[in-house]
Amino acid sequence: MLPAMYFVGLDLAWGSRNPTGVAVLDDDGVLAHLSAVVSDAEIVQALTPYLDDRCVVGVDAPLVVTNATGSRQAEKDLGRDFAPFQAGAHPTNTGKFPDGTRGARLCAALSLDMDPTSTAPRRAVEVYPHPATVALFRLGRTLKYKNKPGRTLEQLRAELLTLVRLLESLSAAQPQMRLVSSAAWRDLVTGIERATRKSQLRDAEDQVDAVVCAYVVLLRERSPAAVVTYGNFADGYIVTPRLPADLKPSPRVPKVERRVDVVRRATQEYAARFPQLQLAATEAVALVTGILDDAGLNYLSVTGRAKSIASFAEKAGRRAGDAPLYADPLHDIGDLIGVRVITYVRGDVAAVAELLAAEAVVLDDRDLGQETASEGRFGYASRHLQVRPAEEDVPSYPGLEGRQLQVQIRTVLQHAWAEFEHDIRYKGTVPRAHRSDFDRRFTLAAGLLELADQEFSTIRDTLSRAVPEAEEHDVADDRISPRELAAYLAGQYAEAGWSRPDHYAWIAGLVHELGIGSLADLASALRAVDTDEIDRVMAYRTPPGAVRRLDDALLAAFGDRYVTLPGNSHRVERLRTRLARLRPTE
């Protein structure tokens with residue numbers, strides 16, 4: 001009577017850091033051992049109890065590889081039969097195994113004969129689970145339990161559990177394989193059913209594949225005609241159950257680019273463009289700042305950025321129900337370049353929006369504060385403009401050619417509320433017990449800030465109607481101070497809005513460069529300037545600030561001399577364009 005025989009399956013990892021599934025069936029097809037190990041020493045330790053008897057090991061990994069490039073003949077032959085079922089073999093060559101295969105080294109350590117024609121009591125053959133499952137269970141295609149991009153946890157779980165049930169059904173086959181009596185198998189199946197991460201399924205998958213490998217060598221031993229060997233010992237081979245002659249592959253699903261592939265491709269292209277977008281964002285800030293400064297509008301800050309690669313990837317993957325929110329992310333996402341203008345009061349938000357509408361091409365204009373108010377709520381308030389630079393500005397900002405910018409305009413109080421709310425609600429974790437209370441408090445804060453915005457606007461409007469008292473001029477000083485100049489301009493251009501404090505200092509410097517040392521000298525220099533004619537010629541589309549009014553008056557009075565002042569070196573071309581309108585005959 002022959003000693004007992006064990007049938008071993010090894011789902012052997014190619015590297016020594018990944019788990020290897022180990023399964024052992026006894027002579028009756030009962031699962032005697034199931035585990036996942038890592039190192040070669042652990043594999044040897046797991047198999048040692050079964051080596052005293054006869055054993056045959058099915059290894060899911062290359063054993064014999066002699067070709068330097070391409071695929072082994074065994075892989076080509078197997079592919080002709082099984083590729084239509086999506087079960088072809090990956091190419092194997094010595095380039096991938098410069099030091100020989102791990103499978104061959106393990107067989108040597110375990111004294112296993114790798115010749116597929118051998119009848120030695122301890123031997124091994126190379127097997128491959130994918131075609132095995134197709135042939136054993138008459139599948140029209142392989143089960144998709146391997147983790148690939150686009151496959152969800154639930155999809156992977158469903159496919160792996162399908163394979164589990166099919167393997168359990170072999171208890172009624174010939175030869176039999178009995179799995180459910182094994183506590184290790186039952187624990188494995190429970191782990192699959194309760195897995196919350198793909199990595200947990202990955203660990204289970206190795207052991208399930210090892211069970212497939214063990215059954216293939218059991219089938220080969222008990223029913224040799226049911227298996228086929230592709231290739232030979234000299235050049236490499238693969239043993240697998242024979243493909244049923246009447247089995248037809250399932251029709252292929254029409255190839256549609258998966259959403260995950262669309263997002264990945266768009267993100268890769270965005271990453272390649274990112275350095276150019278960063279430069280374009282810098283130009284966008286300069287463009288908007290120049291437009292605001294040229295009009296003399298008052299604002300707190302202008303900042304900008306190119307959307308980060310991580311933020312782009314997250315937004316590109318967003319969905320609206322079952323449909324992607326951005327079918328073509330690179331084209332459909334409008335804030336790849338964003339500029340944010342922070343003003344002091346709400347009236348300036350409208351002024352900035354009107355100015356940009358006059359100086360750029362506005363593609364979309366959304367007042368989110370108005371939308372919130374129309375719903376009877378307090379909350380997020382910001383003016384969002386989608387703009388394209390005017391054609392005449394493109395030569396000065398070439399990085400913006402053909403690009404859209406999203407310009408967000410808020411008051412400083414609206415900005416503070418939005419930033420705090422975003423930081424708490426979206427970046428932080430609000431305990432469920434506090435959510436309704438936080439919602440109420442954010443709404444209350446938004447209402448208070450809206451009231452504060454109104455009060456600040458009233459304060460500024462009141463001050464703008466009053467003429468500030470000028471500082472007493474120091475006759476020994478040949479320079480007009482910024483505050484002194486601001487008071488003068490408030491009286492000279494009573495209808496003009498406030499300008500930025502640094503703009504008063506800047507224009508005071510230009511006045512000094514002209515050799516004007518007192519307000520009396522300035523008034524004398526401007527006496528001949530026709531303010532009404534400047535208004536008619538310049539046709540201001542938005543009310544200009546006080547500094548802009550003085551800027552145009554000095555340009556009209558001094559012409560080229562004013563254009564060529566050192567303090568104007570950064571805007572010579574723009575001043576010449578304005579001068580041509582003021583003095584068309586020059």
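We count residues from 1, following the sequence as given.
For the pair Asp40 and Arg102, the salt-bridge criterion is met [side-chain N within less than 4.0 Å of a carboxylate O]. Ionic pairing of Arg222 and Asp27 is present here: one or more N-O contacts between side-chain nitrogen and carboxylate oxygen are shorter than 4.0 angstrom. Between Arg80 and Glu75, no side-chain nitrogen of the basic residue sits less than 4.0 Å from a carboxylate oxygen of the acidic one, so the salt-bridge criterion is not met. The existence of a salt bridge linking Arg123 and Glu221 is confirmed by a sub-4.0 Å separation between a basic side-chain nitrogen and an acidic carboxylate oxygen. Note on Arg165 versus Glu159: no salt bridge recorded, every NZ/NE/NH1/NH2 to OD/OE distance being 4.0 Å or above. With respect to the salt-bridge test (charged N to carboxylate O, under 4.0 angstrom), the residues Asp246 and Arg138 qualify. Between Asp203 and Arg197, none of the side-chain N atoms (NZ, or NE/NH1/NH2) sits under 4.0 Å from a carboxylate O, so this pair counts as no salt bridge. For the pair Asp81 and Arg242, the salt-bridge criterion is not met [side-chain N within less than 4.0 Å of a carboxylate O]. Between Lys307 and Asp335 there is a salt bridge, since at least one side-chain N of the basic residue sits less than 4.0 Å from a carboxylate O of the acidic one.
Val65 and Pro62 make their closest contact through CG2-CB, 3.7 Å (heavy atoms, listed as atom of the first residue, atom of the second, distance). A pairwise comparison of heavy atoms in Pro19 and Ala13 identifies O-CB, 3.6 Å as the closest pair. Minimum interatomic distance between Asp235 and Asn232 (heavy atoms only, all atoms of both residues): N-OD1, 2.9 Å. Pairing each heavy atom of Leu218 with each of Pro175, the nearest pair is CG-CG, 4.0 Å. Contact record, Pro129 with Cys213: CG-SG, 3.8 Å, taken as the closest heavy-atom pair. Pro84 and Pro249 get closest at one heavy-atom pair: O-CB, 3.2 Å.
Between Pro398 and Glu283, the closest side-chain pair of non-hydrogen atoms falls below 4.5 Å. Considering only heavy atoms from C-beta on, Tyr397 stays 4.5 Å or farther from Pro389 through its side chain. Side chains of Val57 and Leu10 form a contact here, defined as non-hydrogen atoms less than 4.5 Å apart. Side chains of Ile43 and Leu106 form a contact here, defined as non-hydrogen atoms less than 4.5 Å apart. In this structure, the side chains of Leu25 and Val30 stay at 4.5 Å or more apart for every pair of heavy atoms. Between Thr152 and Leu156 the shortest side-chain heavy-atom distance does not fall below 4.5 Å. A 4.5 Å side-chain heavy-atom check between Thr240 and Tyr230 finds at least one atom pair inside the cut-off. Side-chain contact check for Thr142 versus Val134: some heavy-atom pair is nearer than 4.5 Å.
Of the possible polar contacts, one joining the Arg72 side chain to the Val64 backbone as a donor-acceptor pair under 3.5 Å is found. For Asp113 (side chain) and Asp115 (main-chain N/O), a donor-acceptor pair under 3.5 Å exists by modelled atom type. Side chain of Ser308 to backbone of Ser311: a donor-acceptor contact under 3.5 angstrom is found. In terms of modelled atom types and a separation under 3.5 Å, the side chain of Glu42 and the main chain of Val38 share a donor-acceptor contact. Side chain of Asn67 to backbone of Thr92: a donor-acceptor contact under 3.5 angstrom is found. Looking at Ser169, its side chain does come within 3.5 Å of a backbone N or O of Leu166 through a donor-acceptor pair. Here the side chain of Thr133 pairs a donor or acceptor atom with the backbone of His130 at under 3.5 angstrom. The backbone N or O of Leu63 lies less than 3.5 Å from a partner atom in the side chain of Glu126, making a donor-acceptor pair. Within the 3.5 Å criterion, the main-chain N or O of Val239 finds no donor-acceptor partner in the side chain of Arg220. Under the 3.5 Å distance criterion, the side-chain polar atoms of Ser223 are left unmatched by any main-chain donor or acceptor of Ala225.
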Assess the residue pair Leu400 and Leu405 against the criterion (side-chain contact (heavy atoms from CB on, under 4.5 Å)); give the C-alpha distance rounded to whole Å, side-chain angles, the decisive distance to 0.1 Å, and a yes or no. CA-CA 9 Å; Leu400 299 180; Leu405 320 174; 3.9 Å; yes

Could you give me the CA-CA distance, side-chain angles and deciding distance for Thr20 and Asp206, then say whether side-chain contact (heavy atoms from CB on, under 4.5 Å) is met? CA-CA 6 Å; Thr20 288; Asp206 297 325; over 6 Å; no

Quick one: do Leu110 and Val44 satisfy side-chain contact (heavy atoms from CB on, under 4.5 Å)? Show the steps, please. CA-CA 7 Å; Leu110 295 168; Val44 171; 3.9 Å; yes

List the steps, then state whether side-chain contact (heavy atoms from CB on, under 4.5 Å) holds for Val37 with Val22. CA-CA 7 Å; Val37 297; Val22 181; 3.8 Å; yes

Can Arg157 and Gln155 be said to form a side-chain hydrogen bond (donor to acceptor under 3.5 Å, both in side chains), step by step? CA-CA 5 Å; Arg157 187 204 317 276; Gln155 289 172 331; over 6 Å; no

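Summarising the geometry, atom CG belonging to Leu153 is positioned 7.5 Å from atom OG1 belonging to Thr196; distances are rounded to the nearest 0.5 Å. To the nearest 0.5 Å, atom OH of residue Tyr270 and atom CG of residue Leu277 are 5.0 Å apart. If you take CD1 on Ile192 and CG on Leu188, they are separated by 4.5 Å, rounding to the nearest 0.5 Å. Note that CG of Leu167 is 10.0 Å distant from OH of Tyr215, once rounded to the nearest 0.5 Å. Note that CG of Leu34 is 9.5 Å distant from CG of Asp187, once rounded to the nearest 0.5 Å. Summarising the geometry, atom CG belonging to Leu163 is positioned 5.0 Å from atom OH belonging to Tyr145; distances are rounded to the nearest 0.5 Å.
Within 6.0 Å of CZ in Arg388 there are 12 or fewer heavy atoms belonging to other residues, nucleotides or ligands. Glu193 CD: more than 12 foreign heavy atoms inside a 6.0 Å radius.
Pairs engaging residues 82-97 under the salt bridge (Lys or Arg N to Asp or Glu O under 4.0 Å) rule: none recorded [sequence neighbours left out].
Shown here are the side chain to side chain donor-acceptor pair (under 3.5 Å) partners of Gln278, two or more places apart in sequence or in another chain: there are none.
Side-chain contact check for His33 and Ser35: at least one donor-acceptor pair (N or O, by modelled atom type) lies under 3.5 Å. There is no side-chain donor-acceptor pair under 3.5 Å between Asp209 and Tyr128. Looking only at atom types and distance, the side chain of Glu168 has a donor-acceptor partner in the side chain of Trp185 under 3.5 Å away. A donor and an acceptor atom, one from each side chain of Gln406 and Gln408, are located under 3.5 Å apart. Between the side chains of Tyr50 and Asp26, no donor-acceptor pair is found at a separation under 3.5 Å. For Gln176 and Arg178, the side-chain atoms include at least one donor-acceptor pair closer than 3.5 Å.
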